[in-house]
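Worksheet: one structure, shown below.
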Amino acid sequence: MNRRTLCRSIVAALFSLPAPAFAVSTQATLFKKPICKCCDEYVSYLREYGFEVQVKITNELAEISRKAGVPEKLEGCHTMFVDGYVVEGLVPVRVIRRLLSERPAIAGITLPGLPAGSPEMPGEKKGPFTIYAVTRDGAPPSTYAVE
């Protein structure tokens, strides 16, 4: 077992995530810019937890996010669609699974920017992340989760 796999296993145990071998498969399509390396790492992270991710390279990411209902100030580095929801940015698997199990009447969720310490981002996490709910009707976003 390499160091990275060991670290992820420890984090998964600490946050009560199922081990990757036992994860339920979920299909997703992730749109990203051609040069974004953190998105490639994030895709690997998702796949380790059972997501079947199809990656599509685009230079129209802002347009895709806008059409999905994500306000410009809440955009992340990529836009993913999973089971009818938009997931913008480096949202932790646990929050995505919560979204998919609760099935709220929203367009999706977003963790804006590239916060240090988020999944596959280097650096130390500096306080909790606020993940926002994006509405279908254009209403202002609200807090969906604080991690």
Side-chain angles (χ1 to χ4, degrees), residues 7-20 22-147:
C7 290
R8 285 194 176 149
S9 297
I10 292 168
V11 170
L14 290 173
F15 289 100
S16 301
L17 289 173
F22 302 108
V24 175
S25 175
T26 303
Q27 294 188 0
T29 302
L30 184 137
F31 293 87
K32 73 177 209 77
K33 294 179 183 176
I35 59 170
C36 188
K37 297 298 179 197
C38 70
C39 292
D40 296 333
E41 293 292 325
Y42 186 70
V43 167
S44 295
Y45 163 77
L46 292 169
R47 287 178 175 156
E48 286 184 31
Y49 289 97
F51 286 79
E52 293 178 20
V53 184
Q54 178 184 18
V55 177
K56 295 193 176 190
I57 307 298
T58 183
N59 287 314
E60 305 297 324
L61 194 57
E63 180 69 13
I64 292 168
S65 295
R66 186 187 62 75
K67 285 182 178 178
V70 179
E72 184 177 354
K73 67 180 180 179
L74 296 181
E75 289 178 4
C77 61
H78 64 264
T79 303
M80 182 171 71
F81 296 93
V82 57
D83 204 15
Y85 290 100
V86 62
V87 176
E88 182 90 9
L90 302 168
V91 177
V93 164
R94 183 165 84 177
V95 179
I96 298 170
R97 287 199 175 138
R98 176 181 154 200
L99 172 75
L100 298 175
S101 69
E102 291 178 349
R103 313 276 323 148
I106 60 175
I109 55 177
T110 178
L111 176 57
L114 299 167
S118 60
E120 301 312 314
M121 281 303 292
E124 188 175 319
K125 184 176 176 183
K126 306 237 190 270
F129 300 134
T130 301
I131 295 129
Y132 296 94
V134 178
T135 63
R136 296 184 193 279
D137 61 6
S142 60
T143 299
Y144 180 74
V146 177
E147 287 284 311

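Keep in mind that what you see is a predicted model, and the values were worked out from it rather than measured.
Taking OG1 of Thr58 as the start and CG of Leu30 as the end, the distance is 11.5 Å to the nearest 0.5 Å. Interatomic distance, Phe129 CZ to Leu90 CG, rounded to the nearest 0.5 Å: 8.5 Å. Summarising the geometry, atom OH belonging to Tyr49 is positioned 11.5 Å from atom CZ belonging to Arg94; distances are rounded to the nearest 0.5 Å. Here CD1 of Ile64 is found 5.0 Å from CZ of Phe31. Values are rounded to the nearest 0.5 Å. With rounding to the nearest 0.5 Å, the separation of CG in Leu74 from CD1 in Ile131 is 12.0 Å.
Within the structure, every pair that satisfies the salt bridge (Lys or Arg N to Asp or Glu O under 4.0 Å) test and touches residues 71-93, not counting sequence neighbours, is listed here: Asp83-Arg103.
With sequence neighbours left out, the side-chain contact (heavy atoms from CB on, under 4.5 Å) criterion links Asp137 to Thr135, Ala139. Thr143 meets the side-chain contact (heavy atoms from CB on, under 4.5 Å) test with Thr130, Tyr132, Val146; sequence neighbours excluded. Evaluation of the side-chain contact (heavy atoms from CB on, under 4.5 Å) rule for Pro140 yields no partner, not counting sequence neighbours. Remark: Arg98 pairs with Glu102 by the side-chain hydrogen bond (donor to acceptor under 3.5 Å, both in side chains) rule, at least two apart or across chains. Considering only residues two or more places apart in sequence or on other chains, Lys33 meets the side-chain contact (heavy atoms from CB on, under 4.5 Å) condition with Leu61.
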Could you walk me through whether Val70 and Thr79 pass side chain to side chain contact (heavy atoms under 4.5 Å, CB included), step by step? CA-CA 9 Å; Val70 179; Thr79 303; 5.6 Å; no

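Looking at heavy atoms from C-beta onward, Met80 lies out of side-chain contact with Thr29 at the 4.5 angstrom threshold. Side-chain contact between Tyr85 and Ile106: present, with at least one pair of heavy atoms (C-beta onward) separated by less than 4.5 Å. Looking at heavy atoms from C-beta onward, Lys32 lies out of side-chain contact with Tyr42 at the 4.5 angstrom threshold. Looking at Leu46 and Ile96, their side chains come closer than 4.5 Å, going by heavy atoms from C-beta outward. Within the 4.5 Å cutoff, the side chain of Val82 has heavy atoms near those of the Thr26 side chain.
Put simply, the side chain of Arg136 never gets that close to the backbone of Ala105: no donor and acceptor are under 3.5 Å apart.
The two residues Val93 and Tyr45 come nearest to each other via the heavy atoms N-OH, 2.9 Å. Closest approach of Ala107 and Ala68 over heavy atoms only: CB-O, 3.9 Å.
The environment of Glu60 atom CD is sparse: at most 12 non-hydrogen atoms of other residues, nucleotides or ligands sit within 6.0 angstrom.
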